[in-house]
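So you know, we letter chains A, B, ... as the sequences are listed, proteins then strands, and number each from 1. Quick note: numbers below take in every heavy atom, side chains included, and nothing from hydrogens, waters or symmetry partners.
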Amino acid sequence: MSHHECTCPKDFAAEARDIVGACGGGREQAIPVLQEIQKRYGFLPKELMREICKIADFSEAQLYGVATFYSQFRFKPRGKFALKVCVGTACHVAGAGAVVDALCDELKAKVGDTTGDGRFSIETVACLGCCSLAPVMMIGEDTVGYLDPLQIKKTLTKASEKQNA
Amino acid sequence: MHKVIVGLGSCGIAAGARAVYETFKAQIAGGELAEKVKLEITSCVGMCYCEPLVEVVDNDGRRTLYGRIDEKKAARIYEEHVVRGRPAADLVVDPSAAGSDAHAFLSRQKKIVLRNCGVIDPESLDAYIAVGGYEALRKAVAMDRKAVIETVKRSGVRGRGGAGFSTGLKWQFAFDAPGEKKYVVCNADEGDPGAFMDRSTLEGDPHSVLEGMIICAYAVGAQKGYIYCRAEYPLAVHRLKIAIRQASARGFLGKNILGAGFDLALVVKEGAGAFVCGEETALMASIEGHRGMPRKRPPFPAQSGLFGCPTNINNVETYANIPWVITNGADKFAAIGTEKSKGSKVFALAGKIKRGGLVEVPMGITIGEIVEEIGGGSNTGRPLKAVQLGGPSGGCIPASMFDTKVDYDEVTRTGAIMGSGGMLVMDETTCMVDVARFFLQFTQTESCGKCTFCRIGTMRMLEILNRITEGRGAMADLDALESLSSDIIKGSLCGLGQTAPNPVLTTLKYFRDEYVEHIGQKKCRAGVCKALIKYRIKDNCNGCTACVKVCPTNAITGQRKQQHSITQDKCVKCGRCYLKCNFDAIVVE
């Protein structure tokens, strides 16, 4: 699998058994199951969800219903670096809007999109809880504060270099 | 033995504390004092404004706190203080020195919930026990179950999630409810933007929350418990899981706890990003594996909650109060605060303020005291306009009412709510119509869609607010906002819909003139609403061309070393020229 770009499993049925084995397949495990899929693939492959429903206690409609309700779940793969721009109250007041605009301009992508080269995806989140560093965003696992719309390019370069290292 | 303690809460880490920790680690391991210096971690002490924080404890127990530390400064502290024993005076933050920033920030606070945050290592059970941890549980299980509930009732502690219902009474209902199988649930789905009280508590002192839950389970007779934690808080989830493992290994959780003949198993459930799951019935639906939609009450969770069983559900901060109440007694707790609001309240102080962070204050303190004395007032030099309390469910309290006391009932009278504890300070550069629009956009997106008034009503309100901020509003819109608000409040099942109009109603009440200006004069005095503002280059422009380079639409033209101008049709009002100009030659009008 490693030489393929796509991270989807070859054998969906085996993967489904593995996930249900790890999380359980009871009705109340719907969210943990989805979280496990997303942890493994970064998004929810439909084929895999179907296979899971064959062996777990929830129907396709129920699982899809849960997956679409919660904002954590995605049906499209994410970029290598997920950019989560905080648009919580403190960040909004500190100019998060200008940060989002600058990011979209720089990457030539919209919120919710992944760049053509698959490197970056742009998302907005409600609050990262680092209000005194506003405006803030997460680049992968790193939180970066005091963002300056004029320095976006530099911020991205620095963070991606650091995480590549 | 020297000790170096690095604050590793989420905000500290965001400010660079990990790199500081790594620096000390390398210095200590590579130096001659490797055997004599201990490197420890703690969490957030609340002083976000001077993160990352480092504390050095000398051999004689003397503690020195350093603020705003980076890798370079960390190396200096190691060399000067740890190796040579001379504190780096210019980096010291001294809370005991009257007149200092840190003293002003901390001296008015009353730490009950945050008593151990930033003091102990949150990943060590021994550290918790060393400060009296789990003594309250020992005391509680020696008491009659009814007596525990009586103590909580008499203390006057009320729900810290925002609604302010009597915690003791809630426990009593769950106790009284018939049924063998009962649950305790901790609501850690802190979804309000601008609020991080619960996250800090869970990251800084997870055992205090567990202890509160265990005491509650003993009192109401529950055998299983869930902590429903926001998935955006990975560090809190991580530390909670460590704490549960540790507590189970020592017999504070599991079978026959402390030999008192009761069992409790606790499980952490991660949320999946839905604001409405902060509502108790939606939260329980989510634990059961459903879409997180609220249901009608009654029956209340105390009668029929999780999986149809009697359930007691409290917020993180409420549970963290309980061990203190049991240890120190109801009277001592009830002695703090006002007639009907007892104890303390934690606020996340942020916005246009000098000292932002996490503060825990006694009930009864005024908002002005928090903002001016603890927070140090405006950080921009411009006068403050308002504070926003309670996030999307709350409201804006104008500066003229800063003498309002922190008290459930007094805050409610202003039209805001105490809420979970977000406190955002705003100055003249914040547009109140835009703030109202911001919150409506949030609640509109987060509405689960079950109730028509909430689903469609918030959409209509948002459309009106968008219109007003884009300069297309009409005076009749203001009446429409008010009548929609009252319909949504009446026609919604849960707290999300019932409080969604609050940000609009309070800004209409206290800042109506701003709405009128937006509609009548097409003017945004704060310079925020893009459609109503214009950037202009003044005659003190020296033609440095810095602004030309950052303009994304080539709207700025002019000869080098001569005054430039902006072609208004091309300008998208991104404001980058305004940020870039070093000569204050660009103005917003």
Any side-chain donor near an acceptor of the partner, [X] and [Y], under 3.5 Å:
{"X": "B/Y233", "Y": "B/E190", "result": "yes"}
{"X": "A/S121", "Y": "A/K76", "result": "no"}
{"X": "B/D427", "Y": "B/T380", "result": "yes"}
{"X": "B/N502", "Y": "B/S393", "result": "no"}
{"X": "B/S286", "Y": "A/Y70", "result": "yes"}
{"X": "B/E270", "Y": "A/Q35", "result": "no"}

Option in [options] with maximal non-hydrogen atom pairs under 4.5 Å from chain B:
{"options": "A/D142, A/T89, A/T143, A/V125", "value": "A/T89"}
{"options": "A/C131, A/A98, A/P149, A/A67", "value": "A/C131"}
{"options": "A/G145, A/G65, A/A90", "value": "A/G65"}
{"options": "A/A94, A/C130, A/S71", "value": "A/S71"}
{"options": "A/D101, A/V33, A/L34", "value": "A/D101"}

Proximity breakdown for [X] and chain B, heavy-atom pairs closer than 4.5 Å:
{"X": "A/A102", "result": "both"}
{"X": "A/V87", "result": "backbone"}
{"X": "A/A134", "result": "neither"}
{"X": "A/L128", "result": "backbone"}

For [X], is it the side chain, the backbone, both or neither that has a heavy atom under 4.5 Å from a heavy atom of chain A?
{"X": "B/V572", "answer": "neither"}
{"X": "B/L424", "answer": "side chain"}
{"X": "B/K573", "answer": "neither"}
{"X": "B/R18", "answer": "neither"}
{"X": "B/C431", "answer": "neither"}
{"X": "B/F275", "answer": "neither"}
{"X": "B/R199", "answer": "side chain"}

(message) Quick check on the interface: out of B/A348, B/G271, B/G16, B/G357, who has the most heavy-atom pairs with chain A under 4.5 Å?
(response) B/G271
(message) Heavy-atom pairs under 4.5 Å with chain A - which of B/E51, B/R230, B/R355 has more of them than the others?
(response) B/R230
(request) For this output row, return yes or no: ring centroids of A/Y64 and A/F75 closer than 6.0 angstrom. (result) yes
(message) Would the distance check show the side chain of B/K450 and the main-chain N or O of B/P294 forming a donor-acceptor pair, the cut-off being under 3.5 Å?
(response) yes
